[in-house]
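Since the structure comes first, as C-alpha cells, the remarks are kept for the end.
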2 protein chains.
Amino acid sequence: MGSRDRESRVRVDLTAVVIAVREGTPCVLTVEASAQPAIALPSGPLEPGHQSLQSGLRSWVERQTQHPLGYVEQLYTFGDRATAQLEPDVASQQKAISITYLALVASTDPPRQGRWRNWYDFFPWEDMRAGVPAARDPLLKRLKSWAGKPGRPTNKRRLERARLTFGIGDAPWDEERVLERYELLYEAGLVPEAFVDRGTQPPSRINNAVSGLPMVSDHRRILATAISRLRAKIKYRPVLFELMPPAFTLSELQKTAEALSGIPLHKQNFRRLIAQQGLVEETGEVAMDTGGRPAKLVRFRREVTLERPAPGVRVSATRRGSYP
Amino acid sequence: MGSRDRESRVRVDLTAVVIAVREGTPCVLTVEASAQPAIALPSGPLEPGHQSLQSGLRSWVERQTQHPLGYVEQLYTFGDRATAQLEPDVASQQKAISITYLALVASTDPPRQGRWRNWYDFFPWEDMRAGVPAARDPLLKRLKSWAGKPGRPTNKRRLERARLTFGIGDAPWDEERVLERYELLYEAGLVPEAFVDRGTQPPSRINNAVSGLPMVSDHRRILATAISRLRAKIKYRPVLFELMPPAFTLSELQKTAEALSGIPLHKQNFRRLIAQQGLVEETGEVAMDTGGRPAKLVRFRREVTLERPAPGVRVSATRRGSYP
DNA sequence: CCCTATAATGCTCAGTTTGAGCAAAAGGAG
DNA sequence: CTCCTTTTGCTCAAACTGAGCATTATAGGG
C-alpha cells in the first residue's frame, strides 16, 4: 500500500457492445476494422478529459449513434492477451487493458459511424426461436469428431462438456450459456479466431454460415459475454424496456424478449407474468395494425425499477427440454 | 481502430476482497493502511511480469494468505474518482483505475500479512440472523431525519428509497441489496467516508457500532459490492463449497450460508434443497461433536460444477417478510 | 352483411416448487 | 433411565409453472 513509483502504466480502451432490437432482430453496433477480420466493436481510448469510465464511454457512443444510451453496464475488464497478439511489435512492455460495457438503445436508426448487424450472424447456433437452426447439426458433428472416440478420459470429458453446454440428448438447452458455447467452439478450432490467434490459417471447411462471422481480436468473445449477461439479466431486472419505444404492445415486448433469449415463449404465460409483476400500464390507445384483434398499447412503469423483488421477465420456453 | 499514439496511460491496481467463513462468522482479509481510516483491502499494482490480470492477483494473494484461492471472480473496475481525492497532488493528469476481485478461501488461518475481520463489523445493519440488529433502529431514525418531512417530492423520494432498500414496513428485506444500502447511507452522510471524501470532519454522532468501521478510500464500497455479489451468487452457483473444508456436515454448510446471506434459514428445507440438487455425497463418516444426534459428513460433488441448471443454494429465510 | 383468417385476450388445470411445521431417531449428560 | 440437543424424515397447504382451450375483436373476401 505504500508509494510505488515504478509501477507500469498501461493503455486503457473502452469497448462497447451496443444492442438494439428491430422487429424481432437483435442488433449489435459494429464498425469496420483494418485488421484481419473486418468487423469490430466500437472502441475508444480512455481520455484524460473523461470524468469517469462510464461517462467517457457514454459520451462517445452517444456521439456516434446519436441516440441516448438507456442503459449502460460494465461487462468485464480484459487483460492484454489478445491485444499483445494483435500488435506483436509493441511487446509485453506496453500493456493494455480493455474495459467493456454493455449498452442498450431503444432505436435502430442508422448510426453516424458503423452499422447494425443481426447478432445471430455471429452466433447462428444461438437462435432457437424457429426450432433447431441449420448451423447446429454440422457444428455438433464437428464437435463430436473433435472430442474423438469416448475411450480416453480426455475425450469423455470433452463429449460430456459438449453435451451439457449445447444441450444434446437429455441435457436441457440453457440459452444463457452463450459464452461457454463460444469458448468450447474456440477450443475445438471451429471458429476462425482460434487460428488467427495461433497465427495459422483457418481450414477451408470453416464457413461463416455455420461458424458465424468472425470479429477482430477477442471481440466476438466480448459479444458472447454481453449476450450471456443480457439473457440472464432480463429475467430479474426490467432491462428489456430499455429496448422498447415509449408505447408498445405486449406482443412486441414478447418479440423482443424472444429475440434476445433466442427461444420461443408461451404467449399467454408471458402476458400473465408481465401483468402480475405490474411492469406496464395501459396508455388507453390501441394498435390496429396487428392483423387480428387490435392490441392495447402499454408503457413501462418506471417506478418499478426500485421496487423489486426481481421485476424481470422470466423467459420460459414454450417447449422446455432438449434439442437433438 | 487506427493508431493512437498519444493516449494517456494509467496506473492499474488490483484489489482483492478475500472471504473466508469461520464458525458462522464471515471474514474478510484486511491490511493496515497509513491513511486516514486505518483499514484497507489488500491491493497491489499490476506488474509487467504478470501473465494475466487474474493470475497476477492470484499469485500475490496466495503469497500473503498462504492458502490457495479456491475461487476468484472479477468484481468491478473503478475509475479514479476516489483515488484522485486520496492523492490530490497527483492531479487528473495521472489517472488510476482499480480492478477488483472477489476471492474465496477455505481456511481462516492467520495470514502472513493483515488479519481477518468479521465483515459485519463494517456492516452491522446487514446481520439479520438473530433478528433485527441493534444498529438498525438508530440508522433508520437518522435516515428519516435526513429524508425530512414528506411534504416535498425530494423528501418523498428519499423516504421511499429508504423504505425499499432497508425493507421498512411492508417492504421485504432483500439481503442482496448491500451496495444500495451502503450508498444510501453514504449519501445521507451516515458513514464517515462521506465526510472524508468531502474533506470535512465527520460529525461526532457517528459511531462505529452503528455506522460500521470505516475503510480507506472506497474500499468499504468495494466490500459491499463483493457481499452483494456473493449473496446473489450462492443462489445459482455452488460457490458456497469453496468456503468449506473437504468434509463437513449439512448444519455447517447451513451455518456458512447463513453467515453470508445474513438471514436465518429453515433447516429442513435447506437440507431438502441440497439433497435434491445432488450437490453433496456422504463420506460414510459421522461427526460426533454435534451436541445431539451425530451428523453425517458429506463432501461436495465437484462434478456438478458443469451440470447445471442452477446448482446453487437458494436461500429462503425462515420468516419471509419485513422487519420493522 | 356474413364468413373466415388472424391475432389478442381470458381462463382453467394439473404438476411442481416453496414455506412451514410435526415427529421420530440418535447421541451425551446427569 | 430420563432429559436435552441436534439430526433426520415426512406431511401439507399455498403459490407458482407449463400447457392448452375458449372467447373476443378486427380485416378482407365473397
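Labels below follow one simple rule: chain letters A, B, ... track the order of the sequence lines, proteins then strands, and each chain is numbered from 1.
A sub-4.0 Å separation between OP1 or OP2 of C/dA8 and a side-chain N or O of A/Thr290 is absent.
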Please list, pair by pair, any protein nitrogen or oxygen found under 3.5 Å from a nitrogen or oxygen in nucleotides 24-27 of chain D.
{"residue": "D/dT24", "atom": "O4'", "partner": "A/Arg293", "partner atom": "NH1", "Å": "3.4"}
{"residue": "D/dT24", "atom": "O2", "partner": "A/Arg293", "partner atom": "NH1", "Å": "2.9"}
{"residue": "D/dA25", "atom": "O4'", "partner": "A/Arg293", "partner atom": "NE", "Å": "3.4"}
{"residue": "D/dA25", "atom": "N3", "partner": "A/Arg293", "partner atom": "N", "Å": "3.4"}

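For A/Glu252, the side-chain hydrogen bond (donor to acceptor under 3.5 Å, both in side chains) criterion is met by no residue, not counting sequence neighbours. The salt bridge (Lys or Arg N to Asp or Glu O under 4.0 Å) check on A/Arg181 picks up A/Glu126, with sequence neighbours excluded. For B/Tyr76, the ring-ring contact (aromatic ring centres under 6.0 Å, His included) partners at least two apart in sequence or on another chain are B/Phe78. For A/Lys296, the salt bridge (Lys or Arg N to Asp or Glu O under 4.0 Å) partners two or more places apart in sequence, or in a different chain, are A/Glu282. Judged as a ring-ring contact (aromatic ring centres under 6.0 Å, His included), and not counting sequence neighbours, A/Tyr71 has no contacts.
Nucleic acid contact for A/Thr249: none, since no nucleic acid atom lies under 4.0 Å from a heavy atom of the residue.
Aromatic ring pairs are classed by plane angle as parallel below 30°, tilted from 30° to 60° and perpendicular above 60°; the pair B/Phe123 and B/Tyr182 is perpendicular.
What separates CG of B/Leu273 from P of C/dA20 is a distance of 15 Å, to the nearest Å. Atom-to-atom, NZ of B/Lys296 to C1' of C/dA25 comes out at 11 Å; the value is rounded to the nearest Å.
Side chain A/Arg272 to base D/dG18: a donor-acceptor pair is found below 3.5 Å.
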